[in-house]
Amino acid sequence: MNPRPAGVSAEPVDDYRDSIEQLLRPLAARTVETVAVASALGRQLAEDVRSPIDLPVFRNSAMDGYAVRAESVLVAPVTLPLAGVVAAGAAGRTPLPRGAAMKVMTGAPVPPGADCVVPVEDASVGDGTVTIERGRSAGEFVREPGTDVRTGDLLVRAGARLAPRHVAALAAVGLSAVAVFRAVRGAVITTGDELVAAGKPLRPGQIYNSNGIALAAALAANGVEVVSVAHSTDDPARFRALLSAATEHADVVFTSGGVSKGDFEVVKDVLEPMGGRFGSVAMQPGGPQGLTVVDGVPVLSFPGNPVSTMVSFEVFARPILRHLAGLPTVDTYELPLVGAVPRSPEGKRQFLRGKLIRGHPGEPPAQGQPRAVEVASGPGSHLVAAMAQADVLIDVPAEVTALPAGALVRVWLL
């Protein structure tokens, strides 16, 4: 955020976001660690994983039924002698005599000589015999080795964020551990003498501290390992101590409060002499912003009003953090606006809290694509409870000063 001469407008939102992304993008080169597959859910894979074995490993039955030669059941019904039973886990090395059948369980080896399986539903058992009511062709209900994946085939690509389906595939080929990137580690420091932890009684002039919990939740939801959440009074020494502790363990630090133009702006007072860049971004809410590097660790300083803090995170930090974590990008839509926006500040990009409308009047809410959006609350940066009713941000461009009902607007999913 470069200083701007008097009379020059505040920094555009996109320019400031670019500065943050340039600062955080090097975190993609994180160290690699090996973790157990059983503990790898949600981690980002550091290298391609190729299958060490064929899947299936051996010919096995896809059904509970009877292994036969297809030539023996060309004409059905036909009664065949039962030559044995093959359970799942059996070695399955006993060959099938010509003109006979063997009972097999799902997943059990298909005996040598058999080339198809007749499901139990198509057979009836007699005294040492089985009557096949319907013939089958060679290959039916037989799983051949390597039909799922072959030795050396790519199983999961590097960069994938491991979901349960990936973990299942890794375990199925016998892998007990994988190489993953260490998650980005984030720390949170809230500031302000007026803030009190939830559960404590409020004295006059005090409010509950929502920003610490909210920022930690936002980080965790976007692939960041939260290593600490702390609160500082407006005492510079206290803030310096907490910041020093945070930068020892975190890859990026988020602060809230203390960045504006009033008295007792502890974050700005401490970080500006350390090379921090503080100023205004052309947006509402969230105009005052700060960006500093302390001991090699980026420090993103957001304003203290709860909505300003959360909107700042959504606009500036969430996209790059999701990229680093291997998460999909945030969905955006262009939707018609229900109701008008009578006023938007000229020269500032406004992020209104909105609610998606699905379905049509008189119909139950639809689960498909939204059809419109409405403003969910006023523009005030203190309306944190009202923000809970929103599921999108409505992005009003800086040059737009009002919007009529029905206007197309861009929305970001929260």
Side-chain angles (χ1 to χ4, degrees), residues 1-25 186-195 209 211-212 214-215 218-219 230-244 246-247 250-321 345 347-351 381-382 398:
M1 185 187 301
N2 296 320
R4 291 173 180 262
V8 176
S9 61
E11 184 163 9
V13 169
D14 289 343
D15 289 356
Y16 187 58
R17 183 169 56 232
D18 288 345
S19 296
I20 289 176
E21 290 189 353
Q22 289 174 19
L23 200 59
L24 298 190
R25 199 170 293 279
V188 175
I189 305 174
T190 57
T191 64
D193 286 346
E194 74 279 13
L195 299 183
N209 182 356
N211 285 345
L215 276 173
L219 290 171
H231 176 68
S232 174
T233 63
D234 290 328
D235 175 20
R238 172 65 175 163
F239 177 71
R240 286 192 195 95
L242 291 174
L243 181 63
S244 178
T247 56
D251 300 310
V252 56
V253 176
F254 292 84
T255 72
S256 72
V259 298
S260 194
K261 298 179 180 179
D263 297 337
F264 314 111
E265 305 291 356
V266 64
V267 174
K268 182 179 178 182
D269 291 347
V270 169
L271 293 181
E272 203 166 40
M274 300 172 66
R277 296 180 292 161
F278 288 81
S280 294
V281 176
M283 65 185 288
Q284 185 189 70
Q289 298 285 335
L291 195 56
T292 316
V293 177
V294 178
D295 295 331
V297 177
V299 180
L300 278 59
S301 297
F302 297 152
N305 276 313
V307 175
S308 296
T309 297
M310 295 311 297
V311 170
S312 296
F313 179 88
E314 294 289 332
V315 173
F316 297 127
R318 187 184 182 197
I320 181 62
L321 291 176
K348 290 185 177 181
R349 191 165 161 184
Q350 186 171 203
F351 293 93
S381 59
H382 65 294

Under the criterion side-chain contact (heavy atoms from CB on, under 4.5 Å), I'd like the reasoning laid out for V267 against F278: C-alpha separation, chi angles, the key distance, then a yes or no.
CA-CA 10 Å; V267 174; F278 288 81; 4.2 Å; yes
Between T247 and V297, what is the shortest heavy-atom contact and its length?
O-CG2, 3.6 Å
Taking the side chain as C-beta and beyond, is there a heavy-atom pair between L291 and L300 under 4.5 Å?
yes
If I take atom CZ from residue R240 and atom CG from residue D235, how far apart are they, to the nearest 0.5 angstrom?
8.5 Å
When rounded to the nearest 0.5 Å, the distance separating CE of M310 from CZ of R318 is 9.5 Å
Any side-chain heavy atom of L243 sitting closer than 4.5 Å to one from L271?
yes
Please tell me if the side chains of F239 and T255 come closer than 4.5 Å, counting only heavy atoms from C-beta onward.
yes
Nearest 0.5 Å, what's the OG-CD distance between S301 and E265?
11.0 Å
Is the shortest heavy-atom distance from the side chain of V253 to the side chain of V294 under 4.5 Å?
no
Least distance between heavy atoms, K268 atom then V259 atom:
CD-O, 4.0 Å
For S256, is there any backbone N or O sitting under 3.5 Å from a side-chain donor or acceptor partner on T191?
yes
So P303 and S312, do their side chains get closer than 4.5 Å, heavy atoms only?
yes
I'd like to check the ring-ring contact (aromatic ring centres under 6.0 Å, His included) partners of F351; sequence neighbours left out, ordered by chain and number.
W412
Quick one: closest heavy-atom pair of S19 and R277, and the distance?
CB-NH2, 4.4 Å
Hey, what's the ring geometry for Y16 with F316, parallel, tilted or perpendicular (30° and 60° as the breaks)?
perpendicular
Nearest 0.5 Å please: distance from the OG1 atom of T233 over to the CG atom of L242.
8.5 Å
For the residue pair F302 and V311, establish whether any side-chain heavy-atom pair is separated by less than 4.5 Å.
no
Sidechain-backbone polar pair: D193 side chain, D234 backbone, donor-acceptor under 3.5 Å:
yes
For a 4.5 angstrom cut-off between non-hydrogen side-chain atoms, does R238 reach V266?
no
Got F313 and L219 here, is their nearest side-chain heavy-atom distance under 4.5 Å?
yes
Apply side chain to side chain donor-acceptor pair (under 3.5 Å) to the pair T190 and N211, showing each step before the final yes or no.
CA-CA 7 Å; T190 57; N211 285 345; over 6 Å; no
Atom of T292, atom of G276 and distance for their closest heavy-atom approach:
OG1-CA, 3.3 Å
Drop me the distance from M283's CE to S308's OG, to the nearest 0.5 angstrom.
8.0 Å
For P298 and L23, work out which heavy atoms get closest and say how close.
CB-CD2, 3.7 Å
